[in-house]
Protein chains: 2
Amino acid sequence: MAALDINIGLNAVIMAVTEGAPRVLTVHKGILSEYAPAEDRPTALPFGPFEPNRHRTLELGLREWVEEQTGLSLGYVEQLYTFGDRNRDPRERADGSRVVSIGYLALVRENSPFRTKDAEWVNCYDFLPWEDWRKGRPPLLDQFIFPALDRWIVAEPEEQIQRAERASIAFATTDSRWDVERVLDRYELLYEAGLVVEAKRDAVLKKNEVSVGRSFALDHRRMLATALARVRGKIKYRPLVFELLAPTFTLLKLQNVVEALSGVGLHKQNFRRLVTNNRLVEQTGNMDTESRGRPAALFQFRRDAVRERSQPGVGLPVRQSP
Amino acid sequence: MAALDINIGLNAVIMAVTEGAPRVLTVHKGILSEYAPAEDRPTALPFGPFEPNRHRTLELGLREWVEEQTGLSLGYVEQLYTFGDRNRDPRERADGSRVVSIGYLALVRENSPFRTKDAEWVNCYDFLPWEDWRKGRPPLLDQFIFPALDRWIVAEPEEQIQRAERASIAFATTDSRWDVERVLDRYELLYEAGLVVEAKRDAVLKKNEVSVGRSFALDHRRMLATALARVRGKIKYRPLVFELLAPTFTLLKLQNVVEALSGVGLHKQNFRRLVTNNRLVEQTGNMDTESRGRPAALFQFRRDAVRERSQPGVGLPVRQSP
DNA sequence: ATAATATATACTCAATTTGACTATATATAC
DNA sequence: GTATATATAGTCAAATTGAGTATATATTAT
């Protein structure tokens with residue numbers, strides 16, 4: 001028996017780094033218009049249904065929708081994850097249908113030209129404010145998140161140990177250091193603890209009354225967390241950063257983009273030693289003119305690095321002291 | 001307009017390591033019965049359609065199908081990738097429908113009890129023989145693969161440079177070392193070069209007349225390659241191996257499982273130094289009795305390692321000399 | 001019983017990589 | 001000219017890795 005009434009949605013987490021922050025492209029119109037009045041229609045990811053007769057591959061379908069909704073022609077695209085839990089999407093409630101959404105990650109360069117048709121770049125850390133440690137430990141961790149997590153941990157005596165362990169791993173509550181890659185673990189924990197509004201929308205838990213971070217339509221914040229986790233992990237072993245940079249750049253520019261994505265400050269001298277000794281970049285011979293202090297040399301990505309090194313990524317020599 | 005006639009398939013790459021080889025669970029019956037006579041019906045992955053009214057989540061649907069088809073109750077499961085290209089599945093040809101398949105990876109322990117209802121464990125390297133370097137460089141690389149790849153590279157003068165570069169990265173044809181993680185890159189290159197039979201089945205290329213490795217139904221060999229690539233990568237930073245081992249094990253047993261998966265021989269002393277110094281395992285106090293030489297201490301996974309280390313994996317100190 | 005063989009485990013040592021600095025150079029802003 | 005901002009070179013100890021040697025304790029063959 002063939003399954004009836006399945007719709008496949010294609011969602012794009014399109015990221016760029018501008019003005020020192022990782023940004024995600026959001027839309028307000030589109031498929032969700034009918035479910036909310038125009039004024040408080042939630043921010044959403046570019047989205048479109050997969051249409052088998054029109055789209056030869058899933059990725060081509062995604063590219064078409066993004067171009068149609070935002071005017072942006074995507075370069076680097078990779079598939080993230082497929083989300084299919086029941087009741088993710090309000091459109092399911094009316095009929096008995098099911099919407100399965102395939103999330104994609106796309107990386108675009110600063111100032112990629114596109115007609116801005118209802119699309120807007122938003123700082124990723126508006127949605128996930130606990131992930132930005134560049135100016136030190138975010139105060140909202142100790143002010144809101146940890147107290148609320150503690151309440152959640154003791155709320156269910158039988159699960160107390162497992163909950164405490166999960167919180168300890170995800171948020172480095174005990175001795176271990178903050179792991180920049182556990183973005184999704186942290187989001188999912190906050191969701192289960194009822195600390196993000198979508199948990200209440202989905203009626204998972206109503207105990208905690210605090211809520212942190214800007215909300216997104218449906219499960220789009222989870223998709224963003226999935227994307228950021230992927231980028232932070234992959235940046236170390238694949239030359240992803242260069243998809244976000246102009247063809248030539250200074251080492252400081254490169255470092256700032258890596259810092260924006262990973263959410264931690266890096267040790268400048270050690271960072272530059274890593275990328276140059278690994279021969280991931282090479283000098284172009286030109287110098288940067290718009291700098292404040294001493295002019296910096298302009299570098300470019302060395303494509304041969306992919307052939308020479310098995311893990312051509314950037315490494316994160318975290319700076320301890322501020 | 002809602003998309004018409006989409007079916008979602010759930011496929012499981014179920015892996016175990018037995019008798020020194022990574023194995024994948026295969027079936028011969030099931031959904032594919034109608035498309036081939038019983039005798040030369042191809043080996044396939046356990047498969048079932050996603051049924052929205054029956055399955056609350058995609059993963060639960062997969063678990064149900066696997067249990068129904070193989071009698072196996074899965075433990076560790078993770079989603080791999082969603083495959084949706086046109087003409088992946090012969091069932092599409094009859095009507096204009098589309099089958100989108102979500103691939104999952106599952107890891108089970110040696111001797112997991114299950115009723116063998118048409119299911120069979122097959123050595124993964126039967127399908128991907130060029131991936132097993134434990135007994136040195138596989139001869140079929142120089143005998144068949146490289147000559148055929150060379151013909152493919154020069155066949156299209158305009159793409160020659162890109163093809164040569166891709167081959168160089170995937171197969172370490174030039175100076176760089178064999179990268180155990182590039183399993184999918186290598187499979188995809190062989191597919192494009194027409195060196196695996198499914199390429200001819202799909203009429204991608206018919207020029208090369210050699211074909212390497214045992215074939216799988218549909219695009220199931222690609223799914224296996226995706227799974228092996230994932231395991232080889234993830235084993236280094238997540239404690240996956242222990243899903244494949246009995247609760248207690250000797251360090252040699254652990255090493256052999258890692259070697260089977262990664263397809264390379266490891267330096268024994270350095271391997272043991274890594275896992276013990278990282279405190280990934282701890283002694284149980286008991287000794288192994290069934291060994292040949294000096295009895296080995298029995299170890300177990302140290303769960304606290306996940307909290308203490310940000311990358312609790314095993315590391316691959318490759319042995320150079322045989 | 002003894003030798004050969006297989007495996008376990010301890011230990012060494014040089015080379016490389018990393019973390020945390022110091023020092024110096026070359027711009028612009030005031 | 002001084003303060004300030006940034007770039008870049010170099011130092012040095014600690015930790016990690018790669019490639020071994022040495023020794024211990026079992027079983028199997030003779």
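All values below come from the heavy atoms of this structure, side chains included, with hydrogens, waters and symmetry mates left out. The model shown is predicted, which means the values in this text are computed figures rather than measured ones. Within every chain, numbering begins at 1; the chains are lettered A, B, ... in the order of the sequence lines, protein sequences first and strands thereafter.
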Using a cutoff of under 3.5 Å, can you pull out all pairs of nitrogen or oxygen atoms linking the protein to nucleotides 28-30 of chain D, with atom names and distances?
none

Contacts of B:Pro295 meeting side chain to side chain contact (heavy atoms under 4.5 Å, CB included) (sequence neighbours excluded), chain-then-number -> B:Met287, B:Ser291
Within residues 231-238 of chain B, those residues having any heavy atom closer than 4.0 Å to DNA chain D are none
Note to self: Can you tell me if B:Lys268 touches the phosphate of C:dA8, counting only side-chain N or O atoms and a distance under 4.0 Å to OP1 or OP2?
What the structure shows: yes
Separation of C:dT9 atom P from B:Leu254 atom CG, nearest Å, is 13 Å
In whole angstroms, the gap separating C1' of C:dT18 from CD of B:Gln311 amounts to 16 Å
Within residues 272-286 of chain B, the residues having a heavy atom closer than 4.0 Å to DNA chain C are B:Arg272, B:Arg273
From CG of B:Asn270 across to C1' of C:dA15 the rounded distance in Å is 13 Å
B:Phe271 CZ to C:dA8 P, in whole Å, measures 12 Å
Contacts of A:Tyr187 meeting ring pair (Phe, Tyr, Trp, His ring centres under 6.0 Å) (sequence neighbours excluded), chain-then-number -> none
Those stems involving DNA chain C that have three or more consecutive Watson-Crick or G-U pairs, both distances under 3.5 Å, are C:1-30 with D:1-30
Residue set satisfying ring pair (Phe, Tyr, Trp, His ring centres under 6.0 Å) with B:Phe299, at least two apart, ordered chain then number -> none
Here the distance between atom C1' of D:dT27 and atom CG of B:Asp288, to the nearest Å, is 13 Å
Sequence neighbours excluded, the answer for ring pair (Phe, Tyr, Trp, His ring centres under 6.0 Å) partners of B:Tyr81 is B:Phe83
Closest non-hydrogen contact found for A:Glu110 with A:Lys253 is OE1-NZ, 3.3 Å
In terms of heavy-atom contacts, B:Val306 and A:Arg182 come closest through O-NH2, 3.7 Å
Assert: residue with more 5' nearest nucleotide on DNA chain D, out of A:Leu251 and B:Leu316, is A:Leu251
Residues passing the salt bridge (charged side-chain N to carboxylate O under 4.0 Å, His left out) test with B:Arg134, sequence neighbours excluded, are B:Asp132
By nearest-heavy-atom nucleotide on DNA chain D, the more 5' of B:His267 and A:Met287 is A:Met287
Correct closest heavy-atom pair for B:Gly313 and B:Leu280 would be O-CD2, 3.5 Å
Rounded to whole Å, CG of A:Leu266 lies from C1' of C:dG19 at a distance of 13 Å
Of the listed D:dT6, D:dT8, D:dA26, the closest approach to the A:Ala297 side chain comes from D:dT8
With sequence neighbours left out, the residues meeting ring pair (Phe, Tyr, Trp, His ring centres under 6.0 Å) with B:Phe301 are B:Phe242
Please write out the pairs of protein N or O atoms and N or O atoms of nucleotides 22-24 of chain D separated by less than 3.5 Å, giving the distance to one decimal.
from	atom 1	to	atom 2	distance (Å)
D:dA24	N3	B:Arg294	NH1	3.1

- Query: Donor-acceptor pair, B:Arg272 side chain versus B:Leu251 backbone, under 3.5 Å?
  - Reply: no
Interatomic distance, CG@B:Leu105 vs CD@B:Glu78, rounded to 0.5 Å, equals 5.0 Å
Report task. Please tell me if the side chains of B:Phe171 and B:Leu190 come closer than 4.5 Å, counting only heavy atoms from C-beta onward. Result -> yes
Given the ring of B:Trp130, does B:Arg137 sit roughly above its face, with NZ or CZ under 6.0 Å from the centre of the six-membered ring and within 45° of the axis? no
Side chain to side chain contact (heavy atoms under 4.5 Å, CB included) filter on A:Arg294, not counting sequence neighbours, yields none
Between CZ of B:Phe299 and P of C:dT9 the distance, given in whole Å, is 6 Å
Closest heavy-atom pair, A:Arg279 versus A:Arg302, reported as atoms and distance to 0.1 Å, is O-NH1, 2.5 Å
Nearest heavy-atom approach of A:Ser168 to B:Arg307 is OG-CD, 2.6 Å
